[in-house]
Amino acid sequence: MPRRRLRGVAGVITALFVCAILAAPAAAQVKTKTSAPPAKSEAAARVDNQTSRLNAEVIRTTTEYRDQLALQKKLEDLEVDRRAREVERRTDFRAKGYISQAELEEAKVALAKAQAKLGDTEQRIQDAEMVLGEAQARALPSLPAGGYSESATLVRYNGTASWSLADSGKVEQFFAARFGHPLPVSARGETELHRRMRFDHKNAIDVAVHPDSAEGRALMDYLRKAGIPFIAFRGKMAGSSTGAHIHIGKPSLRLAGQ
């Protein structure tokens with residue numbers, strides 16, 4: 001083979017070798033870039049798993065708390081019934097002159113205290129049902145930004161507007177102007193039970209209206225147009241008897257690390 005041809009072949013080989021060396025860092029960079037998304041997905045999956053575990057704990061502890069209150073309520077029902085019968089008995093005795101008015105009043109005071117205690121327990125049960133319903137809704141698959149979902153039990157909207165409890169005034173103004181009475185807020189921010197269960201509700205309000213009522217439909221329509229997220233409960237969900245209401249704000253989350 002002529003020497004000039006050999007030199008040409010050697011030049012081609014050298015050029016290919018140089019190109020391979022120069023391409024190696026670029027290939028490494030491409031490999032690094034393609035491996036980054038799985039690492040990010042794994043981190044997101046870990047966060048989702050942690051949130052799911054914490055939410056499941058909220059459901060468990062709230063259910064236990066509610067069941068304990070239900071047992072307490074049965075005892076208090078009996079106490080109210082006993083106190084009511086005592087008032088009836090003393091009222092009869094007082095009419096016959098067997099006892100003084102003070103003794104009758106004593107029985108009435110005892111009945112009022114028993115009824116107040118029962119009412120407090122019933123309110124705590126209702127609060128527990130609300131938290132339980134929110135936690136169960138949180139366990140559902142999340143909606144995309146701006147997503148809307150409606151079922152027999154829930155209406156959900158994942159609004160993208162920035163929302164905090166400080167923004168509730170504009171919702172209240174709309175409702176009062178539309179219906180001529182204040183927005184029936186049943187929980188504004190965190191309640192005692194939310195704090196007990198370490199359930200973050202500080203940027204949410206619960207409104208005691210049925211989603212399918214005229215007021216409920218108008219409120220949900222306003223919230224969707226304003227981009228404000230909400231969950232509307234039509235009634236009983238599995239494992240709870242959550243009353244119909246509209247939760248305005250993102251689904252409540254368990255406070256991390258607590």
Side-chain angles (χ1 to χ4, degrees), residues 44-45 47-48 51-52 54-56 58-59 62 126-191 193-195 197 199-256:
V47 172
D48 289 342
T51 301
S52 296
L54 292 173
N55 201 61
V58 169
I59 293 175
T62 305
Q126 181 179 336
D127 292 344
E129 291 286 359
M130 299 277 274
V131 172
L132 187 56
E134 290 178 19
Q136 289 173 330
R138 172 65 188 166
L140 296 174
S142 60
L143 294 174
Y148 178 85
S149 173
E150 188 166 345
S151 68
T153 56
L154 289 175
V155 181
R156 295 190 294 157
Y157 172 61
N158 186 18
T160 57
S162 177
W163 163 264
S164 71
L165 198 61
D167 301 317
S168 60
K170 57 186 179 184
V171 180
E172 294 178 277
Q173 290 175 3
F174 156 77
F175 192 90
R178 179 71 175 272
F179 297 104
H181 62 85
L183 185 72
V185 176
S186 57
R188 185 186 301 275
E190 289 182 340
T191 65
L193 184 60
H194 286 111
R195 288 188 289 271
M197 296 302 170
F199 207 55
D200 186 2
H201 196 264
K202 62 179 176 292
N203 281 322
I205 59 175
D206 294 330
V207 182
V209 296
H210 197 292
D212 295 325
S213 66
E215 293 181 348
R217 281 292 173 186
L219 178 58
M220 290 190 298
D221 184 59
Y222 169 83
L223 295 173
R224 288 189 68 183
K225 289 179 179 178
I228 300 173
F230 68 85
I231 304 175
F233 296 81
R234 285 193 162 112
K236 185 172 183 178
M237 296 181 64
S240 73
S241 55
T242 306
H245 70 284
I246 298 177
H247 170 96
I248 302 177
K250 292 289 186 181
S252 301
L253 296 173
R254 180 72 180 272
L255 295 178

Apply side-chain contact (heavy atoms from CB on, under 4.5 Å) to the pair Leu132 and Ile59, showing each step before the final yes or no. CA-CA 6 Å; Leu132 187 56; Ile59 293 175; 3.8 Å; yes
Check whether any side-chain heavy atom of Val155 lies under 4.5 Å from a side-chain heavy atom of Ile231, and answer yes or no.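 They are not in side-chain contact.
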Val171 vs Val207, test: side-chain contact (heavy atoms from CB on, under 4.5 Å). Steps then yes/no. CA-CA 11 Å; Val171 180; Val207 182; over 6 Å; no
Are the side chains of Asp212 and Arg217 in contact, using a 4.5 Å heavy-atom criterion?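 The answer is yes; the side chains approach within 4.5 Å.
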NE2 of His247 to CZ of Arg156: how many Å apart, nearest 0.5 Å?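 Output value for this atom pair is 12.0 Å.
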Considering all heavy atoms of both residues, which atom of Arg188 and which atom of Glu172 are nearest to each other, and what is their separation?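 Nearest heavy atoms, Arg188 then Glu172: NH2-OE2, 2.9 Å.
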So do Lys250 and Asn203 actually touch side chain to side chain, heavy atoms under 4.5 Å?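 A side-chain contact under 4.5 Å is absent here.
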Quick one: closest heavy-atom pair of Ala204 and Leu165, and the distance?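 That would be O-CD1, 3.6 Å.
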Is there side-chain contact between Glu134 and Thr62, with heavy atoms separated by less than 4.5 Å?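 Of all side-chain heavy-atom pairs linking Thr62 with Glu134, none is under 4.5 Å.
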Could you check if a side-chain atom of Thr153 sits within less than 4.5 angstrom of a side-chain atom of Phe233, using non-hydrogen atoms only?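 Side-chain contact under 4.5 Å: no.
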Electrostatic pair Asp221-Lys225, nearest N-O below 4.0 angstrom: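 Result for this pair is yes, salt bridge flagged.
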Mind listing the closest non-hydrogen atom pair of Leu154 and Ala137 along with its distance?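 Closest approach of Leu154 to Ala137, heavy atoms only: CD1-CB, 4.2 Å.
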Between Phe230 and Tyr148, how do the two ring planes meet: parallel, tilted or perpendicular, split at 30° and 60°?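 Ring orientation, 0 to 90° scale: perpendicular.
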Going from OH on Tyr222 to CD1 on Ile248, what distance comes out if it is rounded to the nearest 0.5 angstrom?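 Going from OH on Tyr222 over to CD1 on Ile248, the span is 9.0 Å.
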Contact between Met130 and Ser186 at the side-chain level, heavy atoms closer than 4.5 Å - yes or no?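 Result yes, sub-4.5 Å side-chain heavy-atom pair found.
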Where do Gly146 and Thr160 come nearest, in terms of heavy atoms and distance?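 So the minimum-distance heavy-atom pair works out to N-CG2, 3.7 Å.
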Parallel under 30°, tilted from 30 to 60°, perpendicular over 60°: which one fits the rings of Phe175 and His181?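 Perpendicular.
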Using a 4.5 Å cut-off on heavy atoms from C-beta on, say whether the side chain of Pro144 contacts that of Asn158.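 No. Closest side-chain heavy atoms not under 4.5 Å.
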Quick check: do Leu183 and Leu219 have side-chain heavy atoms less than 4.5 Å from each other?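 In short, these two side chains touch, coming nearer than 4.5 Å.
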On a heavy-atom basis, which atom in Ala208 and which in His245 lie closest, and how many Å separate them?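 Result for this residue pair: CA-CB, 4.3 Å.
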For residues Arg234 and Ala152, report the shortest heavy-atom separation together with the two atoms involved.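 Where Arg234 meets Ala152 most closely, the heavy atoms are CD-O, 3.3 Å.
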